[in-house]
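Worksheet for the structure shown next.
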2 protein chains.
Amino acid sequence: MPRDIRLAEKIRQLRHFWRQERRAPSYAEMMELFGYKSRNAVFGLLLKLEEAGCLTKDDHGRVALLPPITGTVRVLGSVAAGFPTQEEEQEADAITLDEYLVKNPDNTFMLTVRGDSMINAGILPGDIVLVEKGPRPNQNDIVVARVDDEWTLKYYVRDAAGVRLEPANPKYRFIRPQRSLEIGGVVRAVIRKYN
Amino acid sequence: MPRDIRLAEKIRQLRHFWRQERRAPSYAEMMELFGYKSRNAVFGLLLKLEEAGCLTKDDHGRVALLPPITGTVRVLGSVAAGFPTQEEEQEADAITLDEYLVKNPDNTFMLTVRGDSMINAGILPGDIVLVEKGPRPNQNDIVVARVDDEWTLKYYVRDAAGVRLEPANPKYRFIRPQRSLEIGGVVRAVIRKYN
DNA sequence: AATATAACTGAACATTCGTTCATTATGCAA
DNA sequence: TTGCATAATGAACGAATGTTCAGTTATATT
């Protein structure tokens, strides 16, 4: 029986390094990280991790961490499913929120929400919306639109009479733009951070 | 007058590389990226970018992209402020959503929300909550708690009689745990993705 | 047109990189 | 204990790294 080298432990260390430095460690750095005295020990270890499918290497041999390692947040089940055990944690997929939420980074912006015009859609004042600039909105997309020289969030609805902008708050009425309709972008995600 | 080297253009290219490869480019790679025929041209360019405060280098000279370059999403004003011009875009700060939302990656999980018990707090079924495992909840924190062998979201409220779990939906009543109170974690953020 | 300044090239340097090799240490089974 | 497979060491190699230096090209101003 071979000696037990705790691969999961190493992966955890690699992930930690990645999160701190935002880059893959060199062999020398891994040597210190794992407590080896030879870079070749790292080489052997990486071979195993590669066989196990935990990572790949790029053209120059540098480790290229796979999403489950790169990722910063683990995706688990639903609230109803409750909290995971230690083993479930290990196996859970992981993603970065950036990759998950932002398809088009160069055209995506964060805006803070003012006003309560979309409160019934679960968008509260102070929330942050991720807005993609450029694409034509689809039916019932939430858009950032200029109405009466002011920018607000509204549903984008096409009907027989053309286009109307509909709030998600009975306090307000829908708006049918007279001549020009300026669409800033389409809301792709809503983010609310506590504290 | 010196020749006009478009620094903003270079930064954009750097950012693009970073997003694709998830790492800083080497000098050789930057040489190709910028269309130079000498790595030393890259060296000179980096000196400028460094002077301009656009980036720093690590111990081995590798470029360490600053948050405005690293970042994936640019932070802009509020919805009321409307949409930015091209120049404003360039100057806007940028952050990664991971850094912004997740303080403690190893103890943070994503859960999908089932049920409407927190609908008045703007948390809808299907939303994703970022839950931090471990910390003691503060007054009025939203927590993932086990109630009657089922996990749900509730406000955590300490009062004279002890602790009660309060929903944000008039359809439901608050709950005062009899003996044990199991707290899975504290909700740090809510995310809603459209599509 | 002449000139000064900056951008760029190309070669060389020491260092570090990932990798290979031969050797030693370690733990498990026979 | 004796084997034996594996882990780890330490030295060496070529390639690539970031950097320096000297020289060339290009541009804007005089």
Side-chain angles (χ1 to χ4, degrees), chain A residues 1-67 69-70, chain B residues 1-70 90:
Chain A
M1 206 65 148
R3 260 181 293 181
D4 182 26
I5 43 178
R6 309 178 73 84
L7 292 184
E9 171 79 13
K10 312 291 183 188
I11 290 182
R12 186 183 296 256
Q13 290 172 296
L14 280 179
R15 242 196 2 220
H16 194 256
F17 184 98
W18 174 276
R19 282 178 182 149
Q20 282 217 325
E21 304 290 333
R22 294 196 97 71
R23 61 180 177 83
S26 73
Y27 277 49
E29 287 167 329
M30 285 188 259
M31 190 181 84
E32 288 198 20
L33 192 64
F34 298 144
Y36 289 139
K37 294 183 178 176
S38 164
R39 280 182 297 153
N40 189 28
V42 174
F43 185 78
L45 177 69
L46 289 190
L47 277 182
K48 295 219 172 118
L49 288 174
E50 208 173 355
E51 268 184 40
C54 295
L55 54 82
T56 50
K57 297 185 183 180
D58 64 7
D59 301 338
H60 302 318
R62 271 205 142 81
V63 300
L65 296 168
L66 292 180
I69 299 184
T70 305
Chain B
M1 205 62 146
R3 262 179 293 182
D4 183 25
I5 43 178
R6 309 178 73 82
L7 292 185
E9 171 78 11
K10 312 291 182 185
I11 290 182
R12 187 184 295 256
Q13 289 172 298
L14 280 178
R15 246 202 350 226
H16 194 257
F17 185 98
W18 173 278
R19 282 178 182 149
Q20 281 217 325
E21 303 290 332
R22 294 196 97 70
R23 62 179 176 83
S26 73
Y27 276 49
E29 287 167 328
M30 284 188 260
M31 191 181 85
E32 289 199 19
L33 193 64
F34 298 143
Y36 290 140
K37 294 183 179 177
S38 163
R39 281 181 297 152
N40 189 28
V42 175
F43 185 80
L45 177 68
L46 290 189
L47 277 182
K48 296 217 170 122
L49 288 174
E50 207 172 354
E51 267 184 40
C54 295
L55 54 81
T56 49
K57 298 185 185 181
D58 65 7
D59 303 337
H60 303 319
R62 271 205 141 80
V63 301
L65 297 167
L66 291 181
I69 300 183
T70 304
Q90 296 295 343

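Everything numeric here is computed off the predicted structure, so don't read it as measured data. Residue numbers begin at 1 in each chain, while the letters A, B, ... track the order of the sequences.
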(request) Please state how far atom CG in A/L45 lies from atom P in C/dG18, giving the value in whole angstrom units. (result) 14 Å
(message) Measure CD/A/E32 against C1'/C/dT16 and give the value in whole Å, please.
(response) 14 Å
(request) Indicate whether OP1 or OP2 belonging to D/dA8 is found under 4.0 Å from a side-chain N or O atom of A/Y36. (result) yes
(message) Considering every strand and a 4.0 Å limit on heavy-atom distances, what is the contact class for A/R62: base, sugar-phosphate, or nothing?
(response) sugar-phosphate
(request) Using a cut-off of 6.0 Å, state whether more than 12 heavy atoms not belonging to A/K57 lie near its atom NZ. (result) yes
(message) Quick check on DNA chain C: between B/A41 and A/S26, whose nearest nucleotide comes earlier from the 5' end?
(response) B/A41
(message) Measure CD/B/E29 against C1'/C/dC17 and give the value in whole Å, please.
(response) 14 Å
(message) Is the shortest side-chain heavy-atom distance between A/L49 and A/V63 below 4.5 Å?
(response) no
(request) Calculate the interatomic distance between A/N40 atom CG and C/dA25 atom P; express it in whole Å. (result) 16 Å
(message) Tell me the interatomic distance from B/L47, atom CG, to D/dG18, atom P, rounded to whole angstroms.
(response) 13 Å
(request) Could you pull out the closest heavy-atom pair between A/Q13 and A/L33, with the gap in Å? (result) NE2-O, 3.2 Å
(message) Nearest whole Å is fine: how far is D/dG10 C1' from A/M31 CE?
(response) 11 Å
(request) State whether B/S38 places a side-chain N or O below 4.0 Å from either non-bridging phosphate oxygen (OP1 or OP2) of C/dC8. (result) no
(message) What is the separation between atom NE2 on A/H60 and atom P on C/dT16, rounded to the nearest whole Å?
(response) 19 Å
(message) Looking at A/E50, I want to see if its CD is surrounded by more than 12 non-hydrogen atoms of other residues, nucleotides or ligands under 6.0 Å.
(response) yes
(request) Classify the side chain of A/R39 and the base of D/dG10 as holding, or not holding, a donor-acceptor pair under 3.5 Å. (result) no
(message) Looking at C/dT16, I'd like to know if its phosphate oxygens (OP1 or OP2) sit under 4.0 Å from a side-chain N or O belonging to A/Y27.
(response) no
(request) Can you see which heavy atom on B/Y27 is nearest to which on B/R39, and at what distance? (result) CD2-O, 4.0 Å
(request) Could you check how far CD of A/E50 sits from C1' of C/dG18, rounded to whole Å? (result) 12 Å
